[in-house]
Peer 1: 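Quick one: the structure is below, and I'll ask about it shortly.
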Amino acid sequence: MSITRRSARRSVRILGVASASTAVVLGLSGPAFACTIGDFKAEAKCEGGKGVIVVTDTDATAVPAVVTVFLKGAGGIETKVGQQEVKGSKDGTPVTFPEDWKPNATYRVHVKAGHVVDEDVKPDLSAPATACKAEESKSPTATPSRTPAPSESAPAKTASPAPSASESSSAPAGTSSNAPSPAAGDSDLAETGASSNTGLIAGIAGALVVVGGGAVFFGMRRRGAKNGG
């Protein structure tokens, strides 16, 4: 065998080994860069007080995928929520499905990406135990209302008329006064204008009457004695 043939055979063997090695490397590295079901993540969230289901595709190869979401009901009955197409990215590309989910509801998320992926995200998606709360709308700041003046509000009550002088001075008949009534003697003294010396004057007058009576008595005896003599 000539040297040329040996060299040719050796070259063919080297090329064969190199090709086989390349195929093995590509075969091993291919799945690592291909789209897989592990690149998809599903979550039940609240946005703007309403429920949504968000599926995120983190496939760096950006293989177009179709995501379908189903609501799993009692007895195995499923209701299709929606279907969207997504192209993944290294940072993740989300797709949002509006869904007013109920607490603890279960959803099945199916992904089909060409001939690479055709399966469900595992495990099934379970909604939170607490429902979304509607956000309170921010109302504009209310302008403080001006307190109406008495003339603007209900008419004021008319004050009762004041009693006349004659009515206020005269007490109603039959109304007894709480003040003690004056004694009879005090009343007479008040009417006649007598002072507290009235008793003394009366005593002096009585004494004068007695003296005068005595004088008259003695005068009459003298007169009788003379007439008898």
Side-chain angles (χ1 to χ4, degrees), residues 11-148 152-153:
S11 299
V12 170
R13 288 178 181 177
I14 293 173
L15 291 174
V17 172
S19 299
S21 299
T22 303
V24 170
V25 171
L26 292 175
L28 294 175
S29 61
F33 293 100
C35 177
T36 64
I37 192 63
D39 295 328
F40 296 86
K41 179 182 178 181
E43 296 176 285
K45 297 181 178 181
C46 295
E47 291 184 359
K50 297 181 180 179
V52 294
I53 293 178
V54 180
V55 181
T56 305
D57 182 5
T58 58
D59 173 27
T61 62
V63 176
V66 177
V67 180
T68 310
V69 179
F70 299 91
L71 170 63
K72 300 181 72 172
I77 300 176
E78 292 185 342
T79 303
K80 184 177 180 180
V81 174
Q83 184 179 79
Q84 295 189 47
E85 184 175 340
V86 60
K87 288 185 178 182
S89 64
K90 183 179 179 181
D91 296 331
T93 304
V95 286
T96 302
F97 297 85
E99 170 66 5
D100 187 18
W101 46 262
K102 305 299 180 183
N104 300 318
T106 303
Y107 293 87
R108 180 172 69 90
V109 180
H110 185 80
V111 178
K112 181 174 177 58
H115 301 287
V116 183
V117 178
D118 189 4
E119 54 185 309
D120 298 335
V121 175
K122 295 297 182 181
D124 288 338
L125 173 62
S126 180
T130 304
C132 297
K133 294 182 180 180
E135 293 183 349
E136 297 180 359
S137 58
K138 295 182 180 180
S139 57
T141 305
T143 304
S145 59
R146 182 174 61 88
T147 305
E152 297 177 355
S153 59

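Just so it is clear, the structure is predicted and the values come from calculations on it, not from any experiment. Residue numbers count from 1 along this sequence. For the numbers below, each heavy atom of this structure counts, side chains included, while hydrogens, waters and symmetry mates do not.
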Peer 1: Output a table of donor-acceptor pairs, distance under 3.5 Å, between side-chain atoms of residues 107-119 and any protein atom two or more places apart or on a different chain; print 'none' if there are none.
Peer 2:
residue, atom, partner, partner atom, Å
Y107, OH, E99, OE2, 2.8
R108, NE, E78, OE1, 3.4
R108, NE, E78, OE2, 3.0
R108, NH1, D120, OD1, 3.1
R108, NH1, D120, OD2, 3.3
R108, NH2, E78, OE1, 3.0
H110, ND1, E119, O, 3.4
H110, ND1, D120, OD1, 2.7
H110, NE2, D118, OD1, 2.7

Peer 1: Residues two or more places apart in sequence or in another chain: which of them pass side chain to side chain contact (heavy atoms under 4.5 Å, CB included) with P98?
Peer 2: none
Peer 1: Over all heavy atoms of both residues, which pair between F40 and C35 is shortest? Give the atoms and the distance, please.
Peer 2: CE1-SG, 3.8 Å
Peer 1: Could you pull out all residues at least two apart from K72 that satisfy side-chain hydrogen bond (donor to acceptor under 3.5 Å, both in side chains)?
Peer 2: D124
Peer 1: I'd like to check the salt bridge (Lys or Arg N to Asp or Glu O under 4.0 Å) partners of K45; sequence neighbours left out, ordered by chain and number.
Peer 2: E43
Peer 1: Any disulfide bond (SG atoms under 2.5 Å apart) pairs touching residues 51-103, not counting sequence neighbours?
Peer 2: none
Peer 1: Going from CG on D57 to CD on Q84, what distance comes out if it is rounded to the nearest 0.5 angstrom?
Peer 2: 12.5 Å
Peer 1: Has T58 got a side-chain atom pairing as donor or acceptor with D39's backbone, closer than 3.5 angstrom?
Peer 2: yes
Peer 1: Please report the shortest heavy-atom distance between W101 and G51, naming the atom on each side.
Peer 2: NE1-CA, 3.4 Å
Peer 1: Going by the rule side chain to side chain contact (heavy atoms under 4.5 Å, CB included), which residues pair with P103 if we only count those two or more places apart in sequence or in a different chain?
Peer 2: A131
Peer 1: Among residues two or more places apart or on two chains, list those pairs meeting disulfide bond (SG atoms under 2.5 Å apart) that have a residue in residues 65-116.
Peer 2: none
Peer 1: Can you pull out every disulfide bond (SG atoms under 2.5 Å apart) where at least one residue sits in residues 46-91? Sequence neighbours excluded, please.
Peer 2: C46-C132
Peer 1: What are the two closest heavy atoms between L125 and A44, and how far apart are they?
Peer 2: CD1-N, 3.9 Å
Peer 1: Apply side chain to side chain contact (heavy atoms under 4.5 Å, CB included) to T93 and list each qualifying residue two or more places apart in sequence or on a separate chain.
Peer 2: V86, S89
Peer 1: Can you name the closest pair of heavy atoms from V54 and P94 and give their distance?
Peer 2: CG1-CB, 3.9 Å
Peer 1: Would you mind listing every salt bridge (charged side-chain N to carboxylate O under 4.0 Å, His left out) that reaches into residues 82-92, with sequence neighbours excluded?
Peer 2: none
Peer 1: Which residues pass the side-chain hydrogen bond (donor to acceptor under 3.5 Å, both in side chains) test with E47, sequence neighbours left out?
Peer 2: none
Peer 1: For T68, what residues pass the side-chain hydrogen bond (donor to acceptor under 3.5 Å, both in side chains) criterion, not counting sequence neighbours?
Peer 2: Q83
